Peer 1: 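I'd like to ask you about the structure that follows.
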Amino acid sequence: MALFIVVVAAAFWSLAIVVLGACHVTRTRTHRTADVVKAVLRPRNTEHTADIRSRVHPHEHFALTPSSAILDPSRHDSFVQDAAALIASVSPQQCAGWQRFVKCAEKCTEMFLPNREVDFAAFIQSVTFCIIITGFYGVDPETLSPVDVAFMTSALNRHSDSTSRQTPLYPSELYAMRERVCRWVGGERASQALETILPAYESMWRLTAVTLAYADGNQHMHNAFLDFSENPTQKQFRSFKVKNTRPSVEAIINEVLRLHPPIQRIARKSRHPLWKRLFYPAQEIADIGAVHRSCVYGTRLETFDAMRFYPQHEHPVDIQLLAFGHGELSCVAREWAPMATALIVAKVVDRVDDVGFVLAGKVFDARMYRNTRIGWDGWVVRKKEKGKVS
């Protein structure tokens with residue numbers, strides 16, 4: 001009898017240890033097939049607040065402060081509505097707003113062209129930040145000091161970098177960021193402006209840089225962006241070239257997004273009753289990068305081939321890209337960002353034209369796809385000396 005009690009007690013405590021361990025250890029399940037990834041990203045049969053909370057966990061790096069609206073489910077809807085209104089004000093559907101955005105892109109690109117030479121990544125970051133804040137908030141580009149812009153992009157880069165996020169922004173640094181934004185957009189809009197600028201800037205500068213790297217030396221892509229710079233309309237954005245044998249600007253951007261999605265992996269954090277935690281993961285990860293390189297996107301998946309998005313291609317893409325998420329909680333800028341980024345690329349291609357300015361760098365290494373923040377060492381935008389052949 002005594003032995004039986006000892007055995008039962010040992011079994012009880014073993015089970016208790018396992019259960020407690022399950023409560024404290026994060027169990028993660030990663031999904032790499034399109035249908036399952038879409039199911040993970042699509043809101044489930046839970047209350048809206050729970051869906052938002054599950055989304056907050058992996059995207060909390062977009063929050064500059066603990067009180068950020070990004071971290072607060074109760075303020076999420078109003079934050080999204082305000083961001084959507086900003087985007088709508090400069091969308092191609094709003095002719096006057098889009099034309100103003102085009103002018104901002106032209107002025108901001110011109111502002112940051114170097115007297116001699118500038119680091120390519122720093123140039124693209126400054127141009128992108130300048131276009132976002134002047135386009136969204138009606139700020140005159142001439143009022144932006146290049147030194148202030150460089151400070152902002154440096155701070156945002158440090159916050160976004162995974163190795164630096166362990167050290168939060170210093171209060172003095174955050175105050176200096178707010179002070180600049182307040183000066184540009186006004187005190188009432190400053191806090192929201194910071195929250196809106198960060199995710200737009202973080203995704204768009206990298207997409208712009210990678211697209212320019214692919215277009216460098218490719219005459220057909222170069223010409224497509226020059227056509228779009230001259231006529232930045234939705235029709236031109238979607239037009240395939242040379243009797244439908246060469247990609248449209250939209251197809252080029254889509255192929256960059258396929259190979260280099262701004263977020264490679266999207267997580268959803270789940271809450272389960274105590275008794276379920278042994279059987280269900282605490283976190284599910286949608287591997288966007290893996291899905292984008294799967295057979296649902298055709299053949300030669302490691303090769304850049306924008307023509308795969310041509311409807312009559314022999315192996316056409318039969319699934320929407322997941323670069324901006326999926327379902328109700330996908331990125332609010334998913335429709336606007338590709339064309340807006342293409343505009344930035346087009347204006348840079350128009351000015352860095354191998355006549356007045358040249359882009360000089362190593363051959364683009366597509367293997368850097370998992371972290372396109374890095375890998376730009378040696379890339380520069382250089383003013384071409386008169387009479388000198390590159």
Side-chain angles (χ1 to χ4, degrees), residues 37-38 40-44 46-65 67-94 97-98 100-101 104-105 128-129 131-138 156 159-160 181 185 189-208 234 237 250 253-254 256-257 260-269 286 288 320-344:
V37 162
K38 289 166 71 174
V40 169
L41 298 181
R42 189 182 301 121
R44 306 175 184 83
T46 58
E47 57 172 324
H48 186 55
T49 300
D51 281 329
I52 295 169
R53 189 175 290 113
S54 77
R55 184 181 189 274
V56 160
H57 167 65
H59 299 96
E60 56 197 7
H61 62 282
F62 283 147
L64 289 168
T65 68
S67 61
S68 166
I70 293 176
L71 301 180
D72 186 350
S74 67
R75 296 158 60 199
H76 176 270
D77 287 345
S78 61
F79 175 79
V80 169
Q81 288 168 5
D82 290 343
L86 279 175
I87 292 167
S89 71
V90 291
S91 72
Q93 288 75 28
Q94 293 289 334
W98 178 250
R100 178 172 59 81
F101 191 76
C104 288
T128 303
F129 178 88
I131 291 171
I132 290 171
I133 196 166
T134 58
F136 279 171
Y137 297 99
L156 293 173
H159 179 74
S160 299
V181 174
V185 308
R189 298 192 294 176
S191 294
Q192 183 198 5
L194 268 174
E195 304 288 2
T196 305
I197 289 167
L198 174 56
Y201 163 82
E202 164 67 9
S203 299
M204 290 176 70
W205 88 256
R206 291 186 289 133
L207 179 57
T208 299
Q234 286 183 307
F237 180 61
E250 181 182 38
I253 293 291
N254 281 342
V256 175
L257 285 169
H260 310 275
I263 298 179
Q264 291 281 334
R265 292 151 67 91
I266 301 177
R268 291 287 186 263
K269 193 171 184 179
I288 305 300
Q320 190 175 21
L321 287 169
L322 302 173
F324 295 101
H326 177 72
E328 293 181 16
L329 294 180
S330 57
C331 175
V332 67
R334 61 190 176 277
E335 300 292 338
W336 173 83
M339 189 166 169
T341 302
L343 179 68
I344 302 174

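Computed from a prediction, not measured in an experiment: that's the story for all the values here.
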Peer 1: Report the distance from atom CG of L198 to atom CG of L156, rounding to the nearest 0.5 Å.
Peer 2: 5.5 Å
Peer 1: Quick one: does any side-chain atom of R100 pair with a main-chain N or O of G135 as donor and acceptor, under 3.5 Å?
Peer 2: yes
Peer 1: Determine the minimum heavy-atom distance between S89 and Q94, stating which atoms define it.
Peer 2: O-CB, 4.1 Å
Peer 1: With a 4.5 Å cut-off on side-chain heavy atoms, are Q192 and D82 touching?
Peer 2: yes
Peer 1: Does the side chain of Q234 come within less than 4.5 Å of W98's, by heavy atoms?
Peer 2: no
Peer 1: To the nearest 0.5 Å, how far apart are NE2 in H326 and SG in C331?
Peer 2: 15.0 Å
Peer 1: Nearest 0.5 Å please: distance from the CG atom of L343 over to the CD1 atom of I131.
Peer 2: 7.0 Å
Peer 1: Measuring only between side-chain heavy atoms, which start at C-beta, is P262 closer than 4.5 Å to L257?
Peer 2: yes
Peer 1: Using a 3.5 Å distance criterion without hydrogens, assess whether the side chain of S330 forms a donor-acceptor pair with backbone atoms of G327.
Peer 2: yes
Peer 1: To the nearest 0.5 angstrom, please state how far the NZ atom of K38 sits from the CD atom of Q320.
Peer 2: 8.0 Å
Peer 1: When rounded to the nearest 0.5 angstrom, what is the spacing between CD1 in I288 and CD in Q264?
Peer 2: 9.0 Å
Peer 1: What are the two closest non-hydrogen atoms of I266 and G325, and how far apart are they?
Peer 2: CD1-CA, 4.1 Å
Peer 1: Could you work out, with ring-ring contact (aromatic ring centres under 6.0 Å, His included) as the rule, every residue matching W336, not counting sequence neighbours?
Peer 2: F101, F136
Peer 1: So which atom in M339 and which in P92 form the shortest heavy-atom distance, rounded to 0.1 Å?
Peer 2: SD-CG, 3.5 Å
Peer 1: Compare all side-chain heavy atoms of E202 with those of W205 and state whether any distance is below 4.5 angstrom.
Peer 2: yes
Peer 1: Does some side-chain heavy atom of I132 sit less than 4.5 Å from a side-chain heavy atom of M204?
Peer 2: yes
Peer 1: Which pair of non-hydrogen atoms, one from L41 and one from A286, has the smallest distance, and what is that distance?
Peer 2: CD2-CB, 3.9 Å
Peer 1: Could you tell me which non-hydrogen atom of F324 sits nearest to which non-hydrogen atom of P338, and how far apart they are?
Peer 2: CE1-CG, 4.0 Å
Peer 1: First locate atom OG1 of T196, then atom CZ of R189, and finally report the distance between them rounded to the nearest 0.5 Å.
Peer 2: 10.5 Å
Peer 1: Ignoring hydrogens, what is the shortest heavy-atom contact between A84 and V332? Give both atom names and the distance.
Peer 2: CB-CG2, 3.8 Å
